[in-house]
Asker: 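Structure provided below as structure tokens; questions to follow.
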Number of protein chains: 2
Amino acid sequence: MDDGGWRPVKRTRTFEDVLAQIERRIAEDGLTAGDRLPAERQLAEQLGVSRSSVREAMRVLESLGVVSSQVGRGPDAGAVLTSRPETALTDLLRLHLGMAGLELREVIDARHMIEQWAASHAASAGAGTSALAAALSGMDGARTAEEFVEHDTAFHCAIADASGNRLISAIMRSLRDSMRRYAVEAVERLGDTATLRAGHVRILRAIEAGDADGAARAVSEHLAHAYPSLFDH
Amino acid sequence: MDDGGWRPVKRTRTFEDVLAQIERRIAEDGLTAGDRLPAERQLAEQLGVSRSSVREAMRVLESLGVVSSQVGRGPDAGAVLTSRPETALTDLLRLHLGMAGLELREVIDARHMIEQWAASHAASAGAGTSALAAALSGMDGARTAEEFVEHDTAFHCAIADASGNRLISAIMRSLRDSMRRYAVEAVERLGDTATLRAGHVRILRAIEAGDADGAARAVSEHLAHAYPSLFDH
DNA sequence: TGGTTCGATATGGTCTGACCATACTGTGGT
DNA sequence: ACCACAGTATGGTCAGACCATATCGAACCA
């Protein structure tokens with residue numbers, strides 16, 4: 001055991017260095033959505049690494065919804081900073097749900113929390129009622145379970161949007177998107193969409209009336225009806 | 001405008017195909033955390049693509065907390081499925097906060113929502129009080145703002161953990177980690193940690209007493225005291 | 001028999017250099 | 001003023017090489 005001659009070995013992978021450098025540059029230069037990053041080849045030369053490593057870093061940033069790459073030439077080409085947490089969150093949740101690393105119950109509880117919060121905030125602030133009403137009226141034409149879920153998602157996301165908090169909105173939308181498959185199954189199993197529609201109407205009425213507690217309660221009952229097996233507690 | 005001769009061009013990038021194939025394999029074979037993926041070279045040959053494309057797909061999966069790569073040889077080497085949504089969420093939030101794609105206010109509101117929810121659930125279920133008490137007692141030794149924030153984070157995450165929902169726990173931990181910098185600033189600006197400690201005690205007491213509404217109120221007041229400028233509404 | 005040493009091997013990590021498809025840029029001709 | 005076309009910068013992909021690491025296994029020694 002000769003520890004005496006120990007010297008710091010390379011522990012971070014090259015692409016992680018690149019990530020750190022890019023993140024540092026974003027922070028120091030105050031880059032925001034819309035700004036362009038240097039081209040891959042240029043960045044590779046600047047940082048003294050291969051283009052492969054730069055590309056792997058780009059893939060990470062892209063998967064986290066921070067950059068978007070466009071081919072070709074011109075002002076819009078190259079790696080452009082974006083702010084799309086939704087897509088990243090959706091992928092993340094979908095993959096972890098698929099691997100059974102998360103259970104449906106946990107996702108639905110999170111939805112429950114967000115919708116209650118958003119509905120009572122919307123009721124207190126008296127905001128977003130027109131968007132909600134629009135989403136509600138759009139549901140009448142839905143014939144298949146898929147169509148119904150599509151409009152249902154729009155309505156529930158409109159509740160979250162009414163909160164004005166982009167992070168919570170993004171989480172809500174990702175939760176819905178990642179569990180779309182299960183939502184369709186739930187609607188098909190339930191058969192009856194009339195009660196679900198009625199639940200939406202009650203939520204909207206409570207928000208319009210500025211009744212925060214009533215809105216939260218309506219959300220709760222609506223979800224309990226849609227997923228009865230998960231609300232045994 | 002000659003649209004007549006349109007033919008299906010390649011729209012999806014190769015590494016996205018690889019991602020889809022891997023996701024399909026996870027779903028069909030029922031792979032879960034701990035299972036191994038084929039080696040990069042092998043996967044490349046199976047799918048008829050280059051190793052670079054497989055590697056870019058791996059980087060994405062790794063950044064989303066779905067796989068973890070180990071070098072070397074043996075049963076634990078290679079790409080192993082994992083379930084680490086926290087790390088991915090933390091990176092995602094930190095990057096978006098850094099680019100000003102999200103505002104601190106939104107992150108703190110989300111924290112507020114989660115902690116209220118978790119505290120009232122913990123109070124109703126009477127769960128997690130011992131972990132909370134342990135986290136609370138650990139705070140007494142904190143001298144610097146950094147140390148205080150460290151223990152503060154542990155306490156607040158313990159509240160989320162008490163909910164038993166891994167997704168909400170992961171979101172909470174990521175929110176805290178990504179705003180650690182701002183939390184330290186807030187504590188330094190505030191100076192007084194005694195009131196913050198007292199707030200923790202009130203939260204714990206309410207949870208121990210099974211007082212869900214009281215716990216939610218205590219959380220609310222605690223956060224309002226810590227970030228007064230963000231609670232003007 | 002048991003342990004140790006050391007080469008073979010499988011894995012991810014990195015680099016180089018090439019080629020392709022795309023989309024703008026600028027030039028030159030009409 | 002318009003249009004056609006070559007030039008060029010960009011990301012996307014590939015092939016092949018080499019390195020570092022960690023295990024495996026056989027040969028070797030005690």
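Quick note on labels: first sequence line is chain A, next is B, and so on, each numbered from 1.
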Asker: Is any side-chain N or O of A/S69 closer than 4.0 Å to OP1 or OP2 of D/dT10?
Answerer: no
Asker: Please report the distance, rounded to the nearest Å, between CD in A/E16 and C1' in C/dG12.
Answerer: 13 Å
Asker: Ignoring backbone atoms, test whether B/T14 places a side-chain nitrogen or oxygen under 4.0 Å from the OP1 or OP2 oxygen of D/dT13.
Answerer: yes
Asker: Atom CZ of B/F15 and atom C1' of D/dG11: how far apart are they, to the nearest Å?
Answerer: 11 Å
Asker: With nearest nucleotide decided by heavy atoms, which residue, A/R51 or A/G48, maps closer to the 5′ end of DNA chain C?
Answerer: A/G48
Asker: Please confirm whether the ring centroid of B/H151 lies under 6.0 Å from the ring centroid of B/H200.
Answerer: no
Asker: Do A/I26 and A/L81 touch side chain to side chain, with heavy atoms closer than 4.5 Å?
Answerer: yes
Asker: Could you check whether B/S52 gets within reach of a base, just the sugar-phosphate, or nothing at all, counting any heavy atom under 4.0 Å?
Answerer: base
Asker: Using a 4.0 Å heavy-atom cut-off across all strands, classify B/G74 as base, sugar-phosphate, or nothing.
Answerer: sugar-phosphate
Asker: Could you state the atom-to-atom distance from CG of B/L43 to C1' of C/dG12 in whole Å?
Answerer: 13 Å
Asker: To the nearest Å, how far apart are A/E45 CD and D/dA9 C1'?
Answerer: 15 Å
Asker: For A/E56 and C/dT14, what is the distance between atoms CD and C1' respectively, to the nearest whole Å?
Answerer: 9 Å
Asker: State plainly whether the residues B/R143 and B/E147 are in salt-bridge range, i.e. N to O under 4.0 Å.
Answerer: no
Asker: By nearest heavy atom, map A/V49 and B/A79 onto DNA chain C; which one lands nearer the 5' end?
Answerer: B/A79
Asker: Could you tell me the separation between the CG atom of A/D76 and the C1' atom of D/dT10, rounded to a whole number of Å?
Answerer: 13 Å
Asker: On a plain distance test, is the side chain of B/R55 in donor-acceptor contact with the base of C/dG12 below 3.5 Å?
Answerer: no
Asker: Side chains of A/S63 and B/S63 only: does a donor on one sit below 3.5 Å from an acceptor on the other?
Answerer: yes
Asker: For B/A39, answer base if it contacts any base atom (sugar-phosphate contacts may also be present), sugar-phosphate if it contacts only those atoms, and nothing otherwise; contact means non-hydrogen atoms under 4.0 Å.
Answerer: sugar-phosphate
Asker: Write down the distance between CZ (A/R13) and P (D/dT21), rounded to a whole number of angstrom.
Answerer: 14 Å
Asker: Can you tell me whether the side chain of A/R73 and the base of C/dT25 have a donor-acceptor pair closer than 3.5 Å?
Answerer: no
Asker: Would you please confirm or rule out a distance under 4.0 Å between OP1 or OP2 of C/dG13 and any side-chain N or O of A/S53?
Answerer: no
Asker: Rounded to the Å, how far apart are A/R59 CZ and D/dG11 P?
Answerer: 10 Å
Asker: B/H96: what forms a ring pair (Phe, Tyr, Trp, His ring centres under 6.0 Å) with it, not counting sequence neighbours?
Answerer: none
Asker: Between the side-chain atoms of B/R41 and the base atoms of C/dG12, is any donor-acceptor pair under 3.5 Å?
Answerer: yes
